[in-house]
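What's counted below: heavy atoms across the whole structure, side chains too, no hydrogens, waters or symmetry copies.
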Amino acid sequence: MQSYWRLHRYPILFAVACILFYWSFAYNLVRTDSVKLFMLFGALFFLCYKLIQFEKWNFKFLLVVGILFRLVFLIAEPNLSQDFYRFIWDGELIKNGINPYLYTPDQIMEQGMASFLSMNELYEGMSDLNARHYSNYPPVNQILFALAAFLGGGSVLGSTIVMRLIIILADLGMLYFGRKLLQNLNKANHLAFWYFLNPLVIIELTGNLHFEGVMLFFFVWALYLISKNKWIWATPVYATSIMVKLMPLMFLPLFIKYFGFKKSAGFYTLVFLGCAALLIPFFSPVFIDNYSDTVGLWFSNFEFNASIYNVVKKISVTYYEAKPWELIDSYGSLIQKVVVIIVLLLAFLRKNQKLESVISSMVFALAFYYFLSSTVHPWYVVFLLGFAIFTDYRFPLVWSCTIILSYYAYSNPGYKENLWLLSVEYILVIGFFIYEMIGSRPKKLYFFKK
């Protein structure tokens with residue numbers, strides 16, 4: 001025992017410090033206190049790095065501490081996001097036999113269409129934006145919300161605990177299949193801990209109850225099956241990932257060279273059939289209009305933690321007297337087209353005969369989308385980080401550290417952003433991105449070569 005302590009005393013002390021910091025994060029932090037938020041997050045990120053550095057081959061130790069870090073949040077109310085109120089609301093509607101895609105919370109309250117124990121608490125807790133719009137969470141997400149509502153017994157805390165346990169199980173599944181996929185790609189399997197122990201992942205998923213980790217679990221599982229040449233079995237898993245969050249839809253064209261035309265056609269057909277099967281229980285004549293209108297808002301109405309968009313906005317408003325509300329609408333429409341072109345270029349100009357090359361193309365596609373987007377919430381980067389570990393690119397890891405600066409906006413009235421802090425975030429991330437793309441490579445435009 002003494003020899004074990006002497007050998008592992010620093011990692012054990014680091015792990016204990018992390019538990020104390022996570023406890024402070026979960027139970028003694030308000031998101032308006034940006035100084036404390038930055039200090040805690042910075043300390044956790046440093047300790048995460050040291051733990052992996054010292055114990056990267058000690059799977060059991062890192063697994064246990066990763067689980068303990070998550071369990072710290074078990075009974076905590078999310079303190080950096082209000083989205084969980086809408087998650088539970090949608091689950092309670094399904095529990096009461098109401099399709100959450102057909103009515104906004106405002107309509108439910110005004111018309112008295114439902115009544116459940118936590119109804120007023122959930123309605124008052126969610127943002128006004130959530131209350132006046134239809135649900136934009138895909139069907140598998142809704143099923144998980146309903147499961148939380150059923151098992152939570154009508155209690156907000158009970159439903160929160162159930163969702164948290166689901167997310168923790170998904171992270172464990174991501175670790176399991178992630179390590180297997182890394183082995184199949186001839187990479188060190190300890191790289192999976194850069195996801196599993198990452199403070200952004202733990203805080204935004206387990207802490208704030210975002211379901212990017214559930215999407216990532218099914219996505220990595222599907223990639224693992226593809227790596228084992230079990231692409232038919234991968235299709236329902238890939239479809240499930242899409243129906244948790246829509247983002248994996250973006251990557252479907254990137255498989256065309258990897259599978260070849262005939263096999264790609266079969267893969268796409270089975271994936272879309274799987275999506276359709278999962279969608280059928282929620283489908284109605286007005287579903288498409290309601291859902292597309294709500295999803296469209298993310299491209300044309302919202303702006304948060306943007307990079308290129310903020311530059312375009314500054315130039316347009318200052319020199320061309322553009323109206324911000326008109327600019328974001330036209331910019332959002334343009335970006336949708338630009339992202340489609342970028343994905344198609346990556347699909348047809350890169351070789352993509354190897355799975356690692358396909359995953360690298362996914363990293364580029366999602367990174368370009370986020371760089372161009374007008375809205376990049378911190379939890380969005382979790383997905384990028386989660387599959388970037390299967391490549392040689394580490395700029396998503398840098399981003400998972402710097403994106404915490406975006407939370408400074410919540411310390412100001414009206415959520416006014418500090419453009420200097422956003423500049424620091426994106427100079428570091430885009431600078432490292434450029435270095436990895438061309439600075440450390442012998443040829444320029446490397447992302448079109450591999």
Side-chain angles (χ1 to χ4, degrees), residues 48-49 51-63 66 170-198 201 213 216-235 237-238 241 248 251-252 254-260 263-264 267 346-347 349-367 382-400 432-433 435-443 445-450:
C48 163
Y49 166 76
L51 282 170
I52 297 175
Q53 181 187 38
F54 286 140
E55 300 288 338
K56 62 183 178 183
W57 305 118
N58 192 343
F59 171 75
K60 290 183 179 179
F61 178 82
L62 295 183
L63 172 65
D171 274 352
L172 289 169
M174 158 60 189
L175 180 65
Y176 176 78
F177 286 112
R179 283 166 54 86
K180 284 181 170 292
L181 180 56
L182 283 165
Q183 289 174 342
N184 288 350
L185 296 174
N186 295 316
K187 294 184 179 294
N189 58 26
H190 74 264
L191 292 172
F193 284 107
W194 282 113
Y195 172 86
F196 192 68
L197 293 184
N198 194 295
V201 174
L216 186 63
F217 159 61
F218 288 108
F219 184 71
V220 171
W221 183 6
L223 291 179
Y224 166 72
L225 291 172
I226 290 170
S227 76
K228 300 290 287 184
N229 201 28
K230 298 178 180 179
W231 66 270
I232 294 177
W233 292 103
T235 54
V237 182
Y238 199 100
S241 180
F251 303 139
L252 287 176
L254 301 176
F255 286 102
I256 193 162
K257 285 189 176 180
Y258 180 78
F259 285 133
K263 191 182 289 186
S264 294
F267 182 77
L346 290 168
L349 295 186
R350 293 193 98 225
K351 293 181 180 179
N352 289 336
Q353 268 88 12
K354 296 182 179 180
L355 185 58
E356 184 182 351
S357 181
V358 175
I359 299 173
S360 295
S361 295
M362 294 174 180
V363 171
F364 301 143
L366 191 57
V382 169
F383 186 43
L384 178 63
L385 171 71
F387 59 83
I389 63 173
F390 305 109
T391 71
D392 295 330
Y393 303 105
R394 297 294 174 258
F395 71 91
L397 184 61
V398 175
W399 206 349
S400 72
F432 202 78
F433 173 82
Y435 169 73
E436 289 200 305
M437 296 307 108
I438 59 176
S440 62
R441 308 290 178 180
K443 296 180 180 180
L445 297 180
Y446 179 78
F447 46 87
F448 285 135
K449 300 292 184 182
K450 193 170 182 180

Would you say the side chain of [Y] lies within less than 4.5 Å of the side chain of [X], judging by non-hydrogen atoms?
| X | Y | answer |
| --- | --- | --- |
| Phe217 | Asp171 | no |
| Phe255 | Trp231 | no |
| Lys257 | Ser357 | no |
| Leu175 | Tyr195 | no |
| Leu223 | Met362 | yes |
| Leu366 | Phe251 | yes |

- Message: Applying the side chain to side chain contact (heavy atoms under 4.5 Å, CB included) criterion to Pro248, which one of Phe218, Phe383, Phe387 satisfies it?
- Response: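 Exactly one option meets the side chain to side chain contact (heavy atoms under 4.5 Å, CB included) with Pro248, and it is Phe383.
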Closest approach of [X] and [Y], non-hydrogen atoms and distance?
| X | Y | result |
| --- | --- | --- |
| Asn352 | Leu254 | ND2-O, 3.9 Å |
| Val220 | Phe177 | CG1-C, 4.0 Å |
| Cys48 | Trp194 | SG-CZ3, 4.4 Å |
| Val358 | Tyr258 | CG2-CB, 3.8 Å |
| Ala222 | Ala234 | O-CB, 3.6 Å |
| Trp233 | Leu225 | O-CD1, 3.7 Å |

Rounded to the nearest 0.5 Å, how far does [atom2] of [Y] lie from [atom1] of [X]?
| X | Y | atom1 | atom2 | value |
| --- | --- | --- | --- | --- |
| Trp221 | Lys180 | CH2 | NZ | 12.5 Å |
| Ile389 | Arg394 | CD1 | CZ | 8.0 Å |
| Leu197 | Leu63 | CG | CG | 9.5 Å |
| Ile226 | Lys228 | CD1 | NZ | 14.0 Å |
| Leu397 | Leu384 | CG | CG | 10.5 Å |

Taking atom [atom1] as the centre, does [X] end up with more than 12 heavy-atom neighbours from other residues, nucleotides or ligands that are less than 6.0 angstrom away?
| X | atom1 | result |
| --- | --- | --- |
| Lys263 | NZ | yes |
| Phe54 | CZ | yes |
| Phe259 | CZ | yes |

- Query: For Trp399, which residues count as a side-chain hydrogen bond (donor to acceptor under 3.5 Å, both in side chains) partner, sequence neighbours excluded?
  - Reply: Glu425
- Query: Which residues satisfy the side-chain hydrogen bond (donor to acceptor under 3.5 Å, both in side chains) test with Ser400, sequence neighbours excluded?
  - Reply: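 Only Asn198 meet the side-chain hydrogen bond (donor to acceptor under 3.5 Å, both in side chains) criterion with Ser400.
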With a 3.5 Å cut-off and sequence neighbours excluded, list the donor-acceptor pairs that the side chains of residues 184-193 form with protein atoms.
{"residue": "Asn184", "atom": "ND2", "partner": "Ser227", "partner atom": "OG", "Å": "3.0"}
{"residue": "Lys187", "atom": "NZ", "partner": "Glu356", "partner atom": "OE2", "Å": "3.1"}
{"residue": "Lys187", "atom": "NZ", "partner": "Asp392", "partner atom": "OD1", "Å": "2.9"}
{"residue": "Asn189", "atom": "OD1", "partner": "Arg179", "partner atom": "NH1", "Å": "3.4"}

- Item | Residue that, paired with Phe395, satisfies ring-ring contact (aromatic ring centres under 6.0 Å, His included) out of Phe364, Phe433, Tyr435, Phe432 |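 It is Phe433; the other options fail the test.
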- Item | side-chain contact (heavy atoms from CB on, under 4.5 Å) between Tyr393 and Met437, worked out | CA-CA 9 Å; Tyr393 303 105; Met437 296 307 108; 3.4 Å; yes
